[in-house]
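To start, the structure under review is shown below, and the notes come after it.
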Number of protein chains: 2
Amino acid sequence: MNAIRIELSTNKKQKPEVSELGFGKYYTDHMVILDYDASIGWHDARVVPYQPITLDPAAKVFHYGQTVFEGLKAYLTADGPIRLFRPRKNFERLNRSNERLSIPHLDEELALEALKLLILTDREWIPSAEGTSLYIRPFIIATEAALGVNPSTQYKFMIIMSPVGSYYAEGIHPVKIFVESEYVRAVKGGVGNAKTAGNYAAGLKAQENATKQGSSQVLWLDGVHRKYIEEVGSMNVFFNINGTIVTPALNGSILDGITRDSIIQLLKHWNIPVEERALSIDEIVEAHGNGSLVEAFGTGTAAVISPIGELLWLGHKLSINNGETGELSAKLYDNLTGIQKGTVEDPFGWILTLDDREATGVSAVNAQSHKS
Amino acid sequence: MNAIRIELSTNKKQKPEVSELGFGKYYTDHMVILDYDASIGWHDARVVPYQPITLDPAAKVFHYGQTVFEGLKAYLTADGPIRLFRPRKNFERLNRSNERLSIPHLDEELALEALKLLILTDREWIPSAEGTSLYIRPFIIATEAALGVNPSTQYKFMIIMSPVGSYYAEGIHPVKIFVESEYVRAVKGGVGNAKTAGNYAAGLKAQENATKQGSSQVLWLDGVHRKYIEEVGSMNVFFNINGTIVTPALNGSILDGITRDSIIQLLKHWNIPVEERALSIDEIVEAHGNGSLVEAFGTGTAAVISPIGELLWLGHKLSINNGETGELSAKLYDNLTGIQKGTVEDPFGWILTLDDREATGVSAVNAQSHKS
């Protein structure tokens, strides 16, 4: 294991009130950096004070978008340990994204160790109020200052963290969704199954249009046939059709969501039929028409479960479950957030706990031997 | 017109030898910056010493790829003025890209004035040797430090410049091209017709594979039918089929190249039939088989004309014009580079010249009144 050095901040920030948290607005006192250079590989893993980074204006990330990222959360309850939800899955996916974006493979265990050290260093930043959590953003950017269109020879892997408020300030509630017929998020053969910046840039315009139409997110259809359902906003999507839960199969243009996978495992654990397959908007319209479309919901790290109350498709409004949160949506939300918070048993081994004793040990050793 | 302030470098860099130039490796002494904030719009246009930029690690460009760019060139001959090739087209396209990426509209004339001032400030950096030029890279990045997936409220527009060597150190010569059947660059409804970072990130993997196959670039097929030709590498592409020059129509997933447009205008000026239409790889294979595929070439700012000597398609090698540069390719290259350099008459009004007297005037006035 490479040593991770630590440089502690001497200028701690004031922590925001829980009511002000929102999403991704405040950042903790420290961050992780690892550098990569083609001649020496990944090196110099460190926890340092959160601070601006300085890059040449020709750095490739600004021009050619060679970047990947992840999103996960740490949770804290009043008397429990710090809890991480399936963090190894994130670093595994980061490496799958790296492979697609021609970014060098990262040591997943080293990344996880660095994350643990960062969390323990900033453990006072983890909020514990109902619905709150510490959002964690690992990411890699190409930093070589060169305008040739080819993979960078230099990168930075970083982890920043942000205490975030409850996604549902007034309890879980359904959203209106605009079914997008003009813009496309991704296509098979492209980078839709990688968590990379370009996929999100491509979705901004459609999101703006959806907002103008009074919808809160876009339902993406596939780029080839323009009829198969892919994702909703930046979440995966599930439909309850007559008691069978259907979600689009991982066909190459859909992100392999960790919440998606967890939902599928929970459903199977409960012996509820779940299908991963191609699912057309026509099938959804038909199911709505004959009354078999019982529920619909998005899944992702930020919202966990986001019930869909209405679809807007070619000017038609398709109300789902009378615009209310469905039974299964609520049950999935309660169970998954319960497992994350530790109030519901975790039969899957999804939770990685960090002990404060471990905390003190690790950071002290590192601070002592490597502090700069 | 907004004033453009200027802060001159006191630490001039050593200029590289012509033989060392390459592409996008060296940068001039100054750069342009404009800032955008949603509350005040674009502001503080300035020419400042070339220097690293400092951004929050949460800046949106690192996570969601909200960025656009342009590429153009300035030319110098021993006794002529500084020559810019159709620069307004670049700033027009930048704004079309901005529209697609939800980036605020930029004043094109202000951007052009800033560019002129930058070029005049760094005029000693423009190489004049055969085949050399000053490559100019305007770009915009989203700088707001916030992890919500929505358009940034803050941006930086910048222009950096790099003296570049001859693309063809040993004269114009044809390249081998791998016809890509697995990966896709873009799809209609996506961002393929915008000059944005994500398109280039998406192409890196295929480019790496092509290099392994001994090819120098990828020929991209469309993402829907996987048979219509789109672009070659990051260039537009033309085929001479029995004397008619065919190039893929601008269908929404292809970049509206300025060199592409110039080639079309030149061909029409010469009364050579040119068609912009859907063109399948099957048609190319058939034309190759019956001997009517006379020439093929890519077009772009960097290479101007890049003749294609061979296509590698599903394991078959299709040699074009015996692997030699075609007559029309050579004529187009000579004429277009001649217009750019001023050795061939410009009947189209494509060239914008900058006079050194103007230079002295503009920079002196600005330096005097705005120097910080």
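Quick note: numbers below take in every heavy atom, side chains included, and nothing from hydrogens, waters or symmetry partners. Letters A, B, ... are given to chains in the order of the sequence lines, protein chains preceding strands, and every chain is numbered from 1.
In this structure, chain B has a heavy atom under 4.5 Å from the side chain of A:Val191, while its backbone stays farther away. Contacts of A:Tyr26 with chain B are absent, with no heavy-atom separation under 4.5 Å from either backbone or side chain. Contacts between A:Arg137 and chain B at a heavy-atom distance below 4.5 Å involve the side chain alone, from C-beta outward. Contacts of A:Tyr64 with chain B are made by both backbone and side-chain atoms, with heavy-atom separations under 4.5 Å. With a 4.5 angstrom heavy-atom cutoff, B:Phe139 touches chain A only via side-chain atoms. The contact between A:Phe62 and chain B is made by backbone and side chain atoms together, counting heavy-atom distances below 4.5 Å. In this structure, the portion of A:Thr67 lying under 4.5 Å from any heavy atom of chain B is its side chain and not its backbone. Residue contact with chain B, scored on non-hydrogen atoms closer than 4.5 Å, is absent for A:Lys195. With a 4.5 Å cut-off on non-hydrogen atoms, B:Arg185 does not touch chain A at all. The contact between A:Ile141 and chain B is made entirely by side chain atoms (from C-beta outward), counting heavy-atom distances below 4.5 Å. Contact annotation for A:Glu99: both backbone and side-chain heavy atoms come within less than 4.5 Å of a heavy atom of chain B. Residue contact with chain A, scored on non-hydrogen atoms closer than 4.5 Å, involves the backbone and the side chain of B:Tyr183 alike.
Annotation: maximal heavy-atom pairing with chain A below 4.5 Å, among B:Gly24, B:Ala206, B:Pro57, B:Gly190, occurs at B:Pro57. Comparing B:Glu144, B:Glu180, B:Lys188 by how many heavy-atom pairs each has under 4.5 Å with chain A, the most go to B:Lys188. Across A:Ile53, A:Val61, A:Thr196, A:Asp222, the residue that shares the most heavy-atom pairs under 4.5 angstrom with chain B is A:Ile53. Between chain A and the residues B:Pro151, B:Gly233, B:Ala194, the largest count of heavy-atom pairs under 4.5 Å involves B:Pro151. For the set B:Met31, B:Gln207, B:Arg100, the entry with the most heavy-atom pairs within less than 4.5 Å of chain A is B:Arg100. Options B:Ala146, B:Gly203, B:Ala302, B:Gly198 differ in how many heavy-atom pairs under 4.5 Å they form with chain A, and the most are formed by B:Ala146. Among the candidates A:Tyr135, A:Phe69, A:Tyr50, the residue making the largest number of heavy-atom pairs closer than 4.5 Å to chain B is A:Tyr50. Options A:Gly22, A:Ala186, A:Ala145 differ in how many heavy-atom pairs under 4.5 Å they form with chain B, and the most are formed by A:Ala145. Ranked by heavy-atom pairs under 4.5 Å with chain A, the first of B:His225, B:Lys156, B:Arg226, B:Lys60 is B:Arg226.
The nearest pair of heavy atoms linking B:Thr54 to A:Pro52 is CG2-CB, 3.3 Å. Of all the heavy atoms in A:Gly223 and B:Val224, the pair that sits closest is O-CG2, 3.5 Å. Here the shortest heavy-atom pairing between A:Ala197 and B:Gly65 reads CB-N, 3.3 Å.
Proximity of the aromatic rings of A:Tyr200 and B:His63 is defined here by a centroid distance below 6.0 angstrom, and this criterion is not met.
Between B:Gln66 and A:Leu204 there is a side-chain heavy-atom pair separated by less than 4.5 Å.
With values rounded to the nearest 0.5 angstrom, B:Ile160 atom CD1 is found 5.0 Å from A:Leu147 atom CG.
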